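It should be emphasised that the depicted structure is a prediction, and the values quoted were computed from it without experimental measurement. Note that ligands are numbered from 1 as they come in the structure, with each ligand's atoms numbered from 1 the same way.
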Amino acid sequence: MKTIVLGADHGGFELKNTIKAHLEAKGFNVIDVGTNSADSCDYPVFASLACQKVLDGSAELGILVCGTGIGMSMAANKHHGIRAACCSDTFSARLTRLHNNANFLCLGARVVGAGLALDLVDNFVNAEFEGDRHVKRLSLIEDIENGKLVK
Ligand code: RB5
C-alpha cells in the first residue's frame with residue numbers, strides 16, 4: 001500500500017485527522033507531520049515538512065490542509081519536484097493524478113466539508129498517472145522550474 005504524508009495548519013488539523021483515520025482504515029500507511037492543535041501556526045512550515053517526505057522517498061503522495069488549501073499549494077509548489085493541486089471537485093482531484101502526476105492534493109477545510117474531502121482524497125490516492133503525451137508537458141514544467149523559460 002502507498003504511504004501518504006499528511007500536513008496541516010491550525011485551520012486544517014481537524015480535517016487532516018479525519019483524513020488520517022480514513023486512510024488508515026483503508027490500509028494506507030500514513031506519516032503525519034502535524035500540526036496537531038488549534039494553536040495558530042504557519043502553513044509553509046508544515047507544507048515543507050510534508051514535501052520533504054515525498055522528495056526523500058518516505059512517502060509517495062501527500063495531502064495538505066489549511067483554511068483554503070491555497071497557501072499550502074503555493075508553498076508546496078515552491079519545492080522542486082513537487083506538483084501540488086488545490087482541488088474542491090472530485091473530477092479535478094482524479095485528473096490531476098492522471099494528467100499532471102500531481103504528488104500533493106491541497107484541501108481547504110473552510111471550503112469543503114468532511115464528506116466531500118474524503119471523496120476528493122479517494123479520487124486522488126486511487127488514480128495513477130497516465131504517462132504518454134503528459135510526460136513531455138511535465139518535463140516542460142520542470143524546464144520552467146529550472147529557469148529555462150519556454151520560448
Ligand atoms: C490561516 O488563517 C489561513 O490563512 C490558512 O489556513 C490558509 O487558508 C492559507 O492559505
Side-chain angles (χ1 to χ4, degrees), residues 2-26 28-129 134 137-138 140-147 149-150:
K2 284 178 189 142
T3 298
I4 318 282
V5 60
L6 303 181
D9 73 353
H10 53 287
F13 88 98
E14 277 185 30
L15 179 56
K16 182 259 294 170
N17 290 345
T18 301
I19 293 167
K20 182 178 182 177
H22 176 77
L23 288 173
E24 285 177 341
K26 294 205 175 239
F28 288 95
N29 304 307
V30 171
I31 300 172
D32 182 351
V33 300
T35 192
N36 284 305
S37 82
D39 296 343
S40 184
C41 63
D42 300 320
Y43 59 81
V45 172
F46 295 94
S48 193
L49 288 171
C51 287
Q52 288 167 57
K53 295 294 181 191
V54 167
L55 292 173
D56 73 11
S58 314
E60 285 150 279
L61 297 174
I63 299 170
L64 293 166
V65 192
C66 64
T68 59
I70 296 170
M72 281 296 197
S73 62
M74 287 182 171
N77 279 317
K78 294 295 178 189
H79 296 75
H80 280 211
I82 297 298
R83 294 172 300 280
C86 181
C87 298
S88 54
D89 70 275
T90 54
F91 180 78
S92 299
R94 187 167 59 85
L95 265 288
T96 199
R97 287 284 304 126
L98 299 180
H99 288 191
N100 313 124
N101 200 13
N103 44 19
F104 270 87
L105 173 68
C106 301
L107 300 174
R110 297 171 188 156
V111 180
V112 297
L116 175 55
L118 297 183
D119 270 359
L120 292 162
V121 166
D122 287 343
N123 272 273
F124 182 75
V125 299
N126 292 318
E128 296 298 338
F129 181 49
H134 305 295
R137 294 164 188 167
L138 293 186
L140 287 168
I141 291 179
E142 213 176 312
D143 286 349
I144 295 168
E145 198 172 54
N146 290 325
L149 298 181
V150 181

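- Shown here, atom 4 (O) of ligand 1 is out of close reach of the protein: none of its heavy atoms lies under 4.0 Å off.
- The aromatic rings of F129 and H134 sit tilted relative to each other, their planes meeting at an angle between 30° and 60°.
- At a 3.5 angstrom cut-off on N or O pairs, M72 does not count as close to ligand 1.
- When each of L23, I31, V30, V54 is checked for a side chain to side chain contact (heavy atoms under 4.5 Å, CB included) with T3, only I31 meets the rule.
- The closest approach between a heavy atom of R110 and any atom of ligand 1 is below 4.0 Å.
- Counting the atoms of ligand 1 from 1 in the order shown, those under 4.0 Å from a heavy atom of Y43 are 9 (C).
- Here T68 has heavy atoms under 4.0 Å from ligand 1 in both its backbone and its side chain.
- With ligand atoms numbered from 1 in the order given, ligand 1 contributes 5 (C), 6 (O), 7 (C), 8 (O) to contacts under 4.0 Å with heavy atoms of G67.
- The side chain of H10, and not its backbone, has at least one atom closer than 4.0 Å to an atom of ligand 1 (non-hydrogen atoms only; side chain from C-beta on).
- Between H79 and S48, the side chains place a donor N or O and an acceptor N or O closer than 3.5 Å (distance only, hydrogens not considered).
- In the displayed structure, K2 atom NZ is contacted under 6.0 Å by more than 12 heavy atoms of other residues, nucleotides or ligands.
- In this structure, G71 has a heavy atom closer than 4.0 Å to ligand 1.
- When the shell of 6.0 Å around CG of D89 is examined, it contains more than 12 heavy atoms from other residues, nucleotides or ligands.
- Between A50 and V5, the shortest heavy-atom contact is O-CG1, 3.6 Å.
- The contact set between ligand 1 and D9, taken as ligand atoms under 4.0 Å from a residue heavy atom, comprises 1 (C), 5 (C), 6 (O).
- Annotation for E14: atom CD does not count as buried by contact number, only 12 or fewer foreign heavy atoms lying within 6.0 Å.
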